[in-house]
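Being a predicted model, the structure only gives us computed values, none of them experimental.
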Amino acid sequence: MDIPVIGAGSVGRRHHENLCRLGVRSDLLSWRGFDAAAFRARRADAVVIATATPIRLQLVHLCRELGLPFYIEKPLAPDVVTVDRILGAAGPLAPRSMVGFMMRYHPAFRALAQRDLSSVYDASFGIGHDVRHWRSNWSFAASYAAQPQGGGVLLDLCHELDMACTLLPGLGVQEVTSLGHAAFPGVDFATRIALAGPGQLGAVAMDYLSPVSFRRIVLRGTGLVADFDLIAGRYLLQDGQGVQDLSFPFERNEMFLAAMRDFLHLVAGRPVSDVEHLPRLDLAAGTCRTIARAWGARRFTGQIEGDYR
């Protein structure tokens, strides 16, 4: 297979390296130097779209023109209109394309996906880190994350919202409150999303501020209680069998590799893995719209201070 990656940032480089590791011919193409004519002449088998969010619609149109399935990074777009345009442009390619919701391959998430969660009445999902120290030799202000269209913590760390709505599909967005920064108008640095559904309450909180990185899932139900700390690797589950201290040894890149393997199988028309919630584009459309609706519903209630240049 020949599958180029468009977008030479950190996630694009990861996808490129993983494709090569999986035995696929791949080139890493920077959007700044992208040559559409040369790309058309290449006759690739598929493509990975890892550009900044606002660029993705035009690349999906190009994929539709060439009949190329695509792996597209999350989020599809910050607004529902553009999400629907991307889905419309994908057309018959959608069942052979994927969205980069790689957290669905995390063994802890899969363990929850395999359980009956119908008794859950309260759920919280949280993630946070100091964005200034996220990567070495990296500047927040110069990154996509600092852009008012397509940046900000809600879109950047939207895996938590995807996990909440995938595990508990009855939840819907009720209210979204955010904190901004005077130097970055329209960019949310901390966001809390209130969710609710029939007999269920939920919350998703994400921020760029926490001096100590955290990632946690807490589910409370009449039939079980789960308290998963994904940073510390501590997974406690209590149900009718008592308290279990679960173990999920894994390496982070395995999620990306597992998702890419499934994408290669979709491209080749082969059976995919047994993952509970395959992030195929047509199947993940609802979550993509929910993320966009949440972004559009943000209400800024204050500002944080600090040097984020």
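Ring centers of Phe140 and Phe189: under 6.0 Å apart, within the cut-off.
Residue-environment remark: CZ (Arg270) exceeds the threshold of 12 foreign heavy atoms within 6.0 Å. Atom CD of Gln241 sits in a sparse spot, with 12 or fewer heavy atoms from other residues, nucleotides or ligands closer than 6.0 Å.
Every side chain to side chain contact (heavy atoms under 4.5 Å, CB included) that Pro107 has, sequence neighbours left out, goes to Phe248, Phe250. Under the side chain to side chain contact (heavy atoms under 4.5 Å, CB included) criterion, Pro92 pairs with Arg64, sequence neighbours left out.
Between the side chains of His277 and Thr166, no donor N or O sits under 3.5 Å from an acceptor N or O. Under the 3.5 Å distance criterion, with hydrogens and angles disregarded, no donor-acceptor pair is assigned to the side chains of Asp188 and Tyr208. Inspection of the Gln114 and Glu276 side chains reveals an N or O donor paired with an N or O acceptor under 3.5 Å. When only modelled atom types and interatomic distance are considered, Tyr105 and Asp262 share a side-chain donor-acceptor pair under 3.5 Å. Side-chain contact of Glu73 with His15: a donor-acceptor pair under 3.5 Å is present, judged by distance alone.
Figure legend: Arg132 and Tyr308 shown as a cation-pi pair, the cationic atom lying under 6.0 angstrom from the six-membered ring centre and within 45 degrees of its axis.
Between Phe34 and Phe39, the ring-plane angle classifies as tilted under the 30° and 60° cut-offs.
Atoms CZ and CG, from Phe263 and Leu22 in turn, are 12.0 Å apart once rounded to the nearest 0.5 Å.
With respect to Arg115 and Asp239, a salt bridge is recorded, a charged nitrogen being found less than 4.0 Å from a carboxylate O. Salt-bridge formation is not detected for the pair Arg234/Asp245: no Lys NZ or Arg NE/NH1/NH2 atom is positioned less than 4.0 Å from an Asp or Glu carboxylate oxygen. A salt bridge does not link Glu175 to Arg192: none of the charged nitrogens lies less than 4.0 Å from a carboxylate oxygen. Salt-bridge annotation for Asp2 and Arg42: present, with a side-chain N of the basic residue lying under 4.0 Å from a carboxylate O of the acidic one.
Checking each of Met260, Arg261, Met255 against Leu257 for a side chain to side chain contact (heavy atoms under 4.5 Å, CB included) leaves exactly one that passes, namely Arg261.
Between the side chain of Asp27 and the main chain of Leu29, no donor-acceptor pair closer than 3.5 Å is present. In terms of modelled atom types and a separation under 3.5 Å, the side chain of His106 and the main chain of Ala108 share a donor-acceptor contact. In terms of modelled atom types and a separation under 3.5 Å, the side chain of Ser26 and the main chain of Cys20 share no donor-acceptor contact. For the pair Ser119 (side chain) and Gly223 (backbone), a donor-acceptor distance under 3.5 Å is present. In terms of modelled atom types and a separation under 3.5 Å, the side chain of Asp282 and the main chain of Ala285 share no donor-acceptor contact. When atom types are taken as modelled, the side chain of Arg104 and the backbone of Phe109 share no donor-acceptor pair closer than 3.5 angstrom.
Taking every heavy atom of both residues into account, Leu93 and Pro69 meet most closely at CD2-N, 4.0 Å.
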List the steps, then state whether salt bridge (Lys or Arg N to Asp or Glu O under 4.0 Å) holds for Arg216 with Asp227. CA-CA 7 Å; Arg216 195 171 180 186; Asp227 187 346; 2.6 Å; yes
